[in-house]
Amino acid sequence: MSESHDVGWENFAAAFQAVVDNVGQVIRGKTDAVSQALTCLLSGGHLLLEDVPGLGKTSLARALAASVQASCHRVQFTPDLLPSDITGVTIYQQGSGEFTFHEGPVFAHVVVADEVNRASPKTQAALLEVMEEGRVTVDAVSHPVPQPFFVVATQNPVDMDGTYPLPEAQLDRFLMRVRVGYPDRDAELAILRDRRAGLRVEDLQPVLTTDHILALVSMAAQVHVEDNVGGYVVDLVTATRSLPGLRLGASPRGSIALLRAAQVQAAAAGRAFVIPEDVQRLAAPVLAHRLLVTPDAELRGYTGEDAVAEALTQVPVPRTLAGV
């Protein structure tokens, strides 16, 4: 491997860390969650943030957008939200006698879908269609959304009255699901100090541009994956399909997502090749939400994360040719 090529991956790692550090100025004590969110963005996927209110889910998405100089639109999902409220609508202009398309909030680099499970299934489906296709079609006319395009949906696991939980097939559209979690004592003290000092997401300065992000996405896709590491990904996903506590294992879409995320993880570490540890580190956030637990196992407290941990213990870890 040439020295110049090594420098390229070091630059990737430096850019990745610069964004994580920048977001960390306002999202205290959550380096893992921030790193996973950025990994999801650079994997070309979308992120589901699931946790109780008040933990900074929306702030994390806005801070990430501010750090990469990206446009960011926030949509508060409610039961009366219509698909056209998200995608946009064609309006007849009486003066010109023509129809003009008015873009909805989905036309942004980063779209924050707050409490996505509060909207009707029809509205949820409209958002998920744009996530999959990268374009909006209205009156047979296709309108591409900006690139990069990153949807961060938040979901509240408590206070579930009046909600429409995302079906398993739609959860599968999210490359990763991340739980922010409560901050530790030192992090919460830092949050209080920031609040007294008036530090806000709006005060963050960008450290990258959207062009840089597109370049990093392209670069991550070139990270080398040995056949036995690819086989390890497939074996892990296959193992979830035969676990007794699951009704439904991960699909091949899960294999693709895990491999893409592992490539970004490797590049963020300054490596041009994936190792099994990259796969293991991201297996739970990439695969757990794609698994359907049996009712009996769910009563015992068995979760998708438990199933991924079980699969990781069952599948032998391959040896790799370091430095390929």
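No hydrogens, no waters, no symmetry mates; every other heavy atom, side chains included, goes into these values. All residue numbers in this chain count up from 1 along the given sequence.
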*Would you mind checking if Glu305 and Arg177 are paired as a salt bridge, meaning a charged N to carboxylate O distance below 4.0 Å?*
yes
*Are Leu81 and Ile86 close enough, and set up right, to give a side chain to side chain contact (heavy atoms under 4.5 Å, CB included), and what steps lead you there?*
CA-CA 8 Å; Leu81 193 71; Ile86 298 173; 3.9 Å; yes
*Taking a hydrophobic cluster as the set of Ile, Leu, Val, Met, Phe, Trp and Tyr residues connected by side-chain heavy atoms closer than 4.5 Å, whether directly or through intermediates, do Val217 and Leu208 fall within one such cluster?*
yes
*asked:* Can a side-chain donor-acceptor contact be found between Tyr302 and Glu310 if the only test is distance below 3.5 angstrom?
replied: yes
*Measure up the Phe150 and His46 rings against each other and bin them: parallel (under 30°), tilted (30 to 60°), perpendicular (over 60°).*
parallel
*asked:* I'd like to know if Arg173 pairs up with Glu129 as an ion pair, taking the criterion as any Lys NZ or Arg NE/NH1/NH2 lying under 4.0 Å from an Asp or Glu carboxylate oxygen.
replied: no
*Does Arg193 pair with Glu188 as a salt bridge, N-O distance under 4.0 Å?*
no
*Is it true that the side chains of Asp80 and Thr78 contain a donor and an acceptor less than 3.5 Å apart?*
yes
*With sequence neighbours left out, what residues match Arg135 under side-chain contact (heavy atoms from CB on, under 4.5 Å)?*
Glu133, Ser142, Pro144
Going by atom type alone, with no hydrogens or angles, which donor-acceptor pairs under 3.5 Å involve a side-chain atom of residues 33-44 and a protein atom two or more places apart or on another chain?
| unit_1 | atom_1 | unit_2 | atom_2 | d |
| --- | --- | --- | --- | --- |
| Ser35 | OG | Thr31 | O | 2.9 |
| Thr39 | OG1 | Ser35 | O | 2.8 |
| Ser43 | OG | Thr39 | O | 2.6 |

Please table the atom pairs, donor to acceptor, closer than 3.5 Å between any side-chain atom in residues 180-187 and protein atoms at least two apart or in another chain.
| unit_1 | atom_1 | unit_2 | atom_2 | d |
| --- | --- | --- | --- | --- |
| Asp184 | OD1 | Asp186 | N | 3.3 |
| Asp184 | OD1 | Ala187 | N | 2.8 |

*Considering residues at least two apart in sequence or located in another chain, which fulfil the side chain to side chain donor-acceptor pair (under 3.5 Å) criterion with Thr90?*
Asp139
*asked:* Among residues at least two apart in sequence or on other chains, which ones pass side-chain contact (heavy atoms from CB on, under 4.5 Å) with Ala153?
replied: Leu48, Ala113, Val116, Phe174
_Going by the rule side chain to side chain donor-acceptor pair (under 3.5 Å), which residues pair with Thr58 if we only count those two or more places apart in sequence or in a different chain?_
Asp114
